[in-house]
There are 2 protein chains.
Amino acid sequence: MARVRKTVTIRDVAEDAGVSLQTVSRVVNGGPNVRPQLRDKVRASIERLGYVPSLAAQRMSGSRSYIILAINDRERTLADWRERRGTDWVDQMLLGGILTCSQHGYRMMVELVDTHSDHVERELGAALSALQPDGVILTPPHSENRLITQLLAERGIPFARIGSNVTGPGIALTMGDEGAAHLATMRLSELGHRRIGMIAGPSQYSLSGWRIDGWKRALAEVGLSSEGLLERGDFGYESGTRAAQALLDRNPDLTAIIASSDQMALAVLEVARDRGLRVPRDLSLISFDNTPIVRFSQPPLSAIDQPIAETVSRAVEQLIAREPDGDDDAVIEVAAGLVERASTAPAPAPARA
Amino acid sequence: MARVRKTVTIRDVAEDAGVSLQTVSRVVNGGPNVRPQLRDKVRASIERLGYVPSLAAQRMSGSRSYIILAINDRERTLADWRERRGTDWVDQMLLGGILTCSQHGYRMMVELVDTHSDHVERELGAALSALQPDGVILTPPHSENRLITQLLAERGIPFARIGSNVTGPGIALTMGDEGAAHLATMRLSELGHRRIGMIAGPSQYSLSGWRIDGWKRALAEVGLSSEGLLERGDFGYESGTRAAQALLDRNPDLTAIIASSDQMALAVLEVARDRGLRVPRDLSLISFDNTPIVRFSQPPLSAIDQPIAETVSRAVEQLIAREPDGDDDAVIEVAAGLVERASTAPAPAPARA
DNA sequence: GCGCATATTGTGAGCGTTCTCAAGACTTGT
DNA sequence: ACAAGTCTTGAGAACGCTCACAATATGCGC
């Protein structure tokens, strides 16, 4: 017998308050020219009836859809999702994105796109047509994908690229990779370390380069050399093992390592253990990402915390605030922080002092 | 000079194919009475123009919105999100939900709701009004929240409750908690363990009870006692420490523990280490959840893998397939599996045999 | 070949909102 | 007190699609 509750529409509110539809619409959207007295009356009606505008109808008539679409890598989330960088990305994205969206009356939707597919344009195009989002957020590795950025530019949809600092179409937001690597390196230097190794990510990620830059800049500032102290991995565990081996083989005097992902850092931990090096006593270690896994290793790792949630949140704000025809394609940097746990300590006294 | 690309509408397709709007609509929706010849012609036009129906317009006119709304706990995702169970939930939900939705032409949206807030009804009600989803998916701890289920029932929106086996309004989907606990217990028994402890979750989660049930059933089946072998935690690390301490204090002869979350299991690992108990030689350990963190502990943990993605996927299918007035509120069980790693081993020989 | 059932196509209304534009109610300056 | 504003409100069209129904075409039995 569940009586089908008819949806409360703007018309119901208008009748209840004795005004026109348009006036209600103005009140709902914070329109400028409504007498306070009337406004309050309408607000009361809205409250009483529990009116909430229909997103679909708003999209139909107005120029906005109140939808922000976030594009994520399908591969990372599907097949590979446990094997690689961990999955914190999606969570944090949602965290930052959904909350910020809802603060502005927007909604966030997630679209999973497989970069390797040659249907990228079709898939994404279909999503754009169906949803007609007011803005799109691109996450790595899509952030600098030509096919995608071009498609978005063609359609005139504002978009933000997370983890990119290339000016170009769309807003770029970096998570301060250069600064973060600099910060980590400086901290290790403060602790007395003179030989600080770096395990960077793959070169197709531009953030890998920025991190190397930050590390080198810091080394230069304190008069240290980076000679022979750089290795690369692919963010995964195995690559971390190889890189750590190489680094330690080549530099017996190494006392600190910065790893470009938590998983690679955990690999370093394992390699160190195998060689009888105690962390942090013999070897200090700082990782990037600060995913939950690093809190439970032995010892818990000091890590650069990627402000993903905040960055996405900023991206959303930019997209929402942006005038439809605004072309100020800025680069925004959100600073990362260092969370110190038990994998960093003062450098051991040199063997022969 | 970016020419604003006008959206391709159903009208464009109709003109291009030389038919009426209605015919195009029929083709798009797989309507029954269209001559194959015409259908192909229309399809060709759709293809050529790249037409994709607008979700908003479909919602406006038709009875469906093609939106499934997933309700998640805000607390877990916001403040507490690192401290408690880990965040794999959201990822896996998205994984299972988004893909399955898109296979059926649906979209999934995520709504974060704070159970502890007294605005639950308001918040959720607003989301329902704005989105008018065709179905809602409830995840723990919302799955059996009266306020929420009642609201949904009132509005006549079909919903699925994940991690619930209570028949009632809506479809219930359990992840085989009873069976999983039984499986874990039996496995430990097979390995020769006779004293198998259980660290359960908080009692307000009904799955906590089911896991206890499965554990007890297995113990009974092989003639073991559960006396004094049960502790409770809140899924978080600290609570796991306390529970492990209590369990080991009370039962010096304990050789195996099942923990109801990965974090609690990691706490057990730590406690064992402190007491000089080696895992798995002296103590076997199986956890629930199988989040990424358990692959990198020392040793990596054997864990019950929660088929969250699959369960959500099933939920989506149920919601989509369901007739608007169908009331067959079934309970569906998706079986969990045991992933064995290095934290389980044959029971040590009794001290005095 | 006629009449009726059935398959196929088209027509017009309506979903809930915002847009554009016009009308009425106040101000203000002189 | 009058013209010329500015502020406030409302009316009607429009967004892109599907619904219910009407119209036409096709098939079948006799």
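Taking only side-chain nitrogens and oxygens, Ser20(A) never comes nearer than 4.0 Å to OP1 or OP2 of dA11(D). Residue Tyr66(A) has no polar side-chain atom (N or O) positioned under 4.0 Å from OP1 or OP2 of dT18(C). In this model, the phosphate group of dG16(C) is not approached by any side-chain N or O of Thr9(A) to a distance below 4.0 Å at OP1 or OP2. Close to dA11(D), at under 4.0 Å from its OP1 or OP2, lies no side-chain N or O of Gln22(A). Listed pair Asn33(A) / dC7(D) fails the phosphate criterion, with no side-chain N or O lying under 4.0 Å from OP1 or OP2. Taking side-chain N and O atoms only, Thr23(A) has a distance below 4.0 Å to OP1 or OP2 of dG10(D). Look at Ser54(A) and you won't find any side-chain N or O under 4.0 angstrom from OP1 or OP2 of dG16(C). Of the side-chain N and O atoms in Ser61(A), none sit less than 4.0 angstrom from OP1 or OP2 of dA14(D). The phosphate of dC17(D) (OP1 or OP2) has no side-chain N or O of Arg11(B) nearer than 4.0 angstrom.
Within the 4.0 angstrom heavy-atom criterion, no nucleotide atom of any strand lies near Val28(A). Within 4.0 Å (heavy atoms only), Arg59(B) reaches no atom of the nucleic acid at all.
Between Leu131(A) atom CG and dC17(D) atom P the separation is 14 Å, expressed in whole Å.
For Arg26(B) and dT9(C), a side-chain-to-base donor-acceptor distance below 3.5 Å is present, hydrogens and geometry of angles not being considered.
With dT17(C), dC15(D), dC17(D) as the candidates, the nucleotide lying closest to the side chain of Pro53(B) is dC17(D). Residue Met60(B) places its side chain closer to dC15(C) than to any other of dT17(C), dG10(C), dC15(C).
Here the side chains of Val316(B) and Tyr106(B) are not in contact, with every heavy-atom distance at 4.5 Å or above. Looking at heavy atoms from C-beta onward, Val120(B) lies in side-chain contact with Val113(B) at the 4.5 angstrom threshold.
Formation of a donor-acceptor pair under 3.5 Å by the Ser65(B) side chain with backbone atoms of Gln132(B) is found in this model. Side chain of Thr311(A) to main chain of Pro307(A): a donor-acceptor pair is present (N/O by atom type, distance under 3.5 Å, no hydrogens or angles).
Comparing Ser63(B) and Arg35(B) against DNA chain D, the residue whose closest nucleotide sits nearer the 5' end is Ser63(B).
Using a 4.0 Å cut-off between a side-chain N of Lys or Arg and a carboxylate O of Asp or Glu, Glu121(B) and Arg155(B) do not qualify as a salt bridge.
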